[in-house]
Trainee: 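Following this message is one structure expressed as structure tokens.
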Amino acid sequence: MLLALLAAVTAVTTAAAPAQAAGYRYWSFWDLTDGTWTYANQGPSIARPGDGDVQGFRFAVSENSQDAAKPRGPHDFAAICGATDARDGSKRVALVVDFGTRADATGGENPPAPRTACARVAEDATSAEALASVAEPLRYDSNALLCAIDGYPRTGCGEQVSGDTPGDTPETSGDAATASGDADSGGPSAGVYAGIAAVVLLAAAAVWQSRRRR
């Protein structure tokens, strides 16, 4: 009876444990559209911004493009490129580079502060070329995935991470890492309480059945 009860306890507590979210640690790429960041529908090696465009890069752990963290900080073209004169045969692209938070960092690295830069590049230059002109060294993998900007992070590239590892909690807000589940209440989740209640009922049933046999 005791072994059966222990097996039931294990099954109940396992079922009550919340599922851990999984995501990927990577640099996401954004366009500023009508003052709002939108996830770019082309990669930086393909996209060709125009003079006056604002684009952003954000390093974070995200499950998908819908929950990806947006670049933080100033993103006004005049503020970023106001001191850079227009020239024939070139274009100006305002770039926002957000290195993310410590929670999203790889191997305990300390991310640099977000920064902006005005890239003056050839009229037919891609976003990747604009980024390279102001934030080298860049690092790519064999599939041309952008892995590092200005050398950050030192290692890793689009690796999958899970929410049960410290420092690997996916960020769901565009501005700050937020806790999920019942962290705001400071107590156990409802699933844990349900598991405890089920264990108590199982134990009571075992005692009652034992007494009936006597």
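Keep in mind that the numbers below use all heavy atoms, side chains included, and drop hydrogens, waters and symmetry copies. The structure presented is a predicted model; accordingly, all values stated were derived computationally and were not measured.
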Trainee: Is Arg58 reaching over with its side chain to a backbone N or O of Lys70, donor-acceptor style, under 3.5 angstrom?
Mentor: yes
Trainee: If only atom types and distance count, is the side chain of Arg115 paired as donor or acceptor with the main-chain N or O of Leu95 below 3.5 Å?
Mentor: no
Trainee: Take the angle between the ring planes of Phe59 and Trp27 and call it parallel below 30°, perpendicular above 60°, tilted in between.
Mentor: tilted
Trainee: Test Thr126 against Ser45 for side-chain contact (heavy atoms from CB on, under 4.5 Å), laying out the working first.
Mentor: CA-CA 6 Å; Thr126 64; Ser45 62; 5.6 Å; no
Trainee: If you look at every heavy atom in Pro111 and Gly100, which pair is closest and at what distance?
Mentor: CG-O, 3.6 Å
Trainee: Rounded to the nearest 0.5 Å, how far apart are CZ of Arg139 and CG of Leu145?
Mentor: 9.5 Å
Trainee: Please check this pair: side chain of Arg48 against backbone of Asp124, looking for a donor-acceptor N/O pair closer than 3.5 Å.
Mentor: yes
Trainee: Passes side-chain contact (heavy atoms from CB on, under 4.5 Å), Ile149 versus Leu138? Steps please.
Mentor: CA-CA 5 Å; Ile149 296 177; Leu138 306 182; 4.1 Å; yes
Trainee: So do Arg120 and Ser133 actually touch side chain to side chain, heavy atoms under 4.5 Å?
Mentor: no
Trainee: Rounded to the nearest 0.5 Å, how far apart are OH of Tyr26 and CD of Glu159?
Mentor: 12.5 Å
Trainee: Looking at Pro71, Pro44, Pro49, which one forms a side chain to side chain contact (heavy atoms under 4.5 Å, CB included) with Gln55?
Mentor: Pro49
Trainee: Please confirm whether the ring centroid of Tyr39 lies under 6.0 Å from the ring centroid of Trp30.
Mentor: yes
Trainee: What is the minimum heavy-atom distance between Gln42 and Ile46, and which atoms define it?
Mentor: NE2-CG2, 3.8 Å
Trainee: Side-chain donor-acceptor contacts of residues 77-89 below 3.5 Å, not counting sequence neighbours, with atom names and distances?
Mentor:
none

Trainee: Going through the checks in order, is the side-chain contact (heavy atoms from CB on, under 4.5 Å) test met by Leu32 and Trp37?
Mentor: CA-CA 5 Å; Leu32 191 70; Trp37 287 117; 3.9 Å; yes
Trainee: side-chain contact (heavy atoms from CB on, under 4.5 Å), that's the test. Do Leu146 and Leu131 meet it? Break it down for me.
Mentor: CA-CA 11 Å; Leu146 179 61; Leu131 180 65; 4.1 Å; yes
Trainee: Please examine the side chains of His75 and Asp98, heavy atoms only from C-beta on, and report whether any two atoms are closer than 4.5 Å.
Mentor: no
Trainee: Under 3.5 Å, is there a donor-acceptor pair between the side chain of Asp53 and the main chain of Val93?
Mentor: no
Trainee: Please give me the minimum heavy-atom distance between Ala60 and Ala69, naming the atom from each residue.
Mentor: CB-CB, 3.9 Å
Trainee: Hey, are the side chains of Phe99 and Asn110 touching, using non-hydrogen atoms and a 4.5 Å cut-off?
Mentor: no
Trainee: If you look at every heavy atom in Thr101 and Arg72, which pair is closest and at what distance?
Mentor: CG2-NH1, 3.8 Å
Trainee: Could you measure the distance from the OG atom of Ser62 to the CZ atom of Arg25? Nearest 0.5 Å is fine.
Mentor: 11.0 Å
Trainee: Main chain of Gln66, side chain of Asn64: is a donor-acceptor contact present, judged purely on distance under 3.5 Å?
Mentor: yes
Trainee: Answer yes or no: is there a donor N or O on one side and an acceptor on the other, between the side chain of Glu129 and the main chain of Ser127, under 3.5 Å?
Mentor: no
Trainee: Closest approach of Arg92 and Cys118, non-hydrogen atoms and distance?
Mentor: CB-SG, 4.1 Å
Trainee: Counting distance only, does the side-chain N/O of Asp141 pair as donor-acceptor with the main-chain N or O of Asn143 below 3.5 Å?
Mentor: yes
Trainee: Membership question, hydrophobic clusters at under 4.5 Å side-chain separation (ILVMFWY): are Tyr140 and Val134 in the same one?
Mentor: yes
